[in-house]
Amino acid sequence: MRAVLQRVKKASVVVENEIVGKIGKGILVLLGVGHNDTENDIKWLADKIMNLRIFEDENDKMNLSLLDIKGEILVVSQFTLYGDCRKGRRPSYSNAAKPDKANEYYEKFMKYIEDNYNTKVERGIFQAEMEVELINDGPVTLLLDSEKTF
């Protein structure tokens with residue numbers, strides 16, 4: 001699984017002119033599912049995101065996690081994170097999971113966070129045309145890939 005994390009002051013997702021997900025201070029996660037991903041990838045990535053210390057403490061050091069600040073999380077499916085641009089001018093998405101698996105893992109990812117961290121997860125709508133609006137805080141933007149754990 002791949003994720004782009006953005007520490008935000010606020011973020012929202014709009015589908016057909018209606019806000020479907022909205023958070024204040026927290027993390028916006030753009031989540032991509034690969035065809036080789038397993039349920040272990042869900043756990044690893046969710047645990048990493050929830051415990052990653054990317055928020056400032058009283059000494060202005062990035063030393064606090066989303067849990068520490070009682071922040072919010074917004075997860076948006078993003079198959080294009082598996083776009084391979086090495087050849088030609090059009091990205092190949094052959095490493096992205098097929099829609100059925102991608103949707104299943106997207107839902108399992110959010111449920112894992114809700115069940116294990118007692119955190120409400122705001123979300124986009126799978127396969128919808130979405131407008132994502134955010135105010136990046138820092139800016140802090142990080143890339144995570146469960147295939148690159150070592």
Side-chain angles (χ1 to χ4, degrees), residues 1-55 62 65-67 69 71-150:
M1 295 182 94
R2 292 182 179 163
V4 172
L5 311 181
Q6 294 188 302
R7 188 179 77 180
V8 298
K9 292 184 178 184
K10 65 181 180 177
S12 63
V13 178
V14 174
V15 175
E16 296 179 3
N17 297 317
E18 182 180 327
I19 295 175
V20 296
K22 180 178 178 180
I23 62 170
K25 184 175 181 143
I27 298 175
L28 167 65
V29 178
L30 303 177
L31 181 71
V33 179
H35 67 81
N36 288 328
D37 288 338
T38 68
E39 297 207 9
N40 288 333
D41 294 287
I42 293 170
K43 291 178 182 178
W44 180 86
L45 191 60
D47 291 339
K48 178 64 84 175
I49 290 168
M50 297 303 292
N51 292 287
L52 202 59
R53 298 184 317 176
I54 61 171
F55 294 92
M62 282 199 285
S65 71
L66 185 71
L67 298 170
I69 68 154
E72 299 177 290
I73 188 165
L74 171 62
V75 182
V76 176
S77 65
Q78 185 78 48
F79 82 94
T80 59
L81 291 177
Y82 276 90
D84 184 345
C85 300
R86 292 178 291 180
K87 295 181 183 176
R89 295 177 184 238
R90 183 179 312 169
S92 167
Y93 299 104
S94 60
N95 289 325
K98 300 289 184 215
D100 286 347
K101 178 179 179 177
N103 189 31
E104 175 189 352
Y105 276 46
Y106 172 63
E107 293 295 332
K108 284 183 176 182
F109 176 83
M110 293 180 293
K111 183 166 178 21
Y112 180 86
I113 291 171
E114 289 171 335
D115 291 350
N116 291 278
Y117 292 99
N118 196 28
T119 300
K120 183 174 187 272
V121 179
E122 290 287 312
R123 59 196 75 205
I125 297 177
F126 188 81
Q127 286 191 311
E129 191 72 27
M130 294 178 273
E131 296 173 8
V132 180
E133 187 174 72
L134 66 127
I135 296 184
N136 197 317
D137 184 15
V140 173
T141 302
L142 300 164
L143 306 173
L144 293 175
D145 188 331
S146 63
E147 290 181 21
K148 299 177 181 177
T149 57
F150 300 102

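Please read these numbers as outputs of a predicted model, since none were measured by experiment. Reckoned from all heavy atoms, side chains included, excluding hydrogens, waters and symmetry mates.
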Exercise for review: Without swapping roles, check the side chain of K101 against the backbone of D37 for a donor-acceptor pair under 3.5 Å.
Suggested key: yes
Exercise for review: Please name the pair of heavy atoms, one in S77 and one in Q127, separated by the smallest distance, quoted to 0.1 Å.
Suggested key: OG-N, 4.2 Å
Check your understanding: Is D100 reaching over with its side chain to a backbone N or O of E104, donor-acceptor style, under 3.5 angstrom?
Key -> no
Review point. Do the rings of Y112 and Y117 sit parallel, tilted or perpendicular, given the 30° and 60° boundaries?
Key: perpendicular
**Study point:** Heavy-atom pair with the smallest gap, counting every atom of E72 and L66
**Key:** O-CD1, 3.5 Å
Check your understanding: Looking at L74 and R123, what are the two nearest heavy atoms and their distance?
Key -> CD1-N, 3.6 Å
Check your understanding: Which pair of non-hydrogen atoms, one from K120 and one from I73, has the smallest distance, and what is that distance?
Key -> O-CG2, 3.8 Å
Review point. Atom CD1 in I27, atom CD1 in I69: separation rounded to 0.5 Å?
Key: 7.5 Å
Study note, to complete from the structure: Here the gap from L28 atom CG to L30 atom CG, rounded to the nearest 0.5 Å, amounts to 5.0 Å
**Study point:** Heavy-atom closest pair, residues M50 and I113
**Key:** SD-CG2, 3.8 Å
Check your understanding: Would you say the side chain of L45 lies within less than 4.5 Å of the side chain of V29, judging by non-hydrogen atoms?
Key -> no
Practice item. May I ask you to test the V4-Q78 pair for a side-chain heavy-atom distance under 4.5 Å? Key: no
Review point. Going from CD1 on I49 to CZ on F109, what distance comes out if it is rounded to the nearest 0.5 angstrom?
Key: 4.0 Å
**Study point:** Reported CG-to-CG distance for the pair N95 and L81, which is rounded to 0.5 angstrom
**Key:** 12.5 Å
Review point. In terms of heavy-atom contacts, does NZ of K108 have more than 12 from other residues, nucleotides or ligands at under 6.0 Å?
Key: yes
Review point. How close do V33 and M1 get, heavy atom to heavy atom, and via which atoms?
Key: CG2-CE, 3.7 Å
**Study point:** Interatomic distance, D41 atom CG to R2 atom CZ [nearest 0.5 angstrom]
**Key:** 11.5 Å
Check your understanding: What's the spacing between N36 CG and E147 CD if we round to 0.5 Å?
Key -> 6.5 Å
**Study point:** Test salt bridge (charged side-chain N to carboxylate O under 4.0 Å, His left out) applied to K111 and E107, step by step
**Key:** CA-CA 6 Å; K111 183 166 178 21; E107 293 295 332; over 6 Å; no
Review point. Just by distance, do the side chain of Y106 and the backbone of V75 share a donor-acceptor pair under 3.5 Å?
Key: yes
Review point. What's the verdict on side-chain hydrogen bond (donor to acceptor under 3.5 Å, both in side chains) for S94 and D84, showing C-alpha distance, side-chain angles and the deciding distance?
Key: CA-CA 8 Å; S94 60; D84 184 345; over 6 Å; no
Check your understanding: Does a side-chain heavy-atom distance below 4.5 Å link M62 with V140?
Key -> yes
Exercise for review: With the side chain counted from C-beta on, respond yes when I135 and V8 share a heavy-atom pair under 4.5 Å apart, and no when they do not.
Suggested key: no
Check your understanding: Where do K43 and D47 land on the salt bridge (charged side-chain N to carboxylate O under 4.0 Å, His left out) test, with the steps shown first?
Key -> CA-CA 6 Å; K43 291 178 182 178; D47 291 339; over 6 Å; no
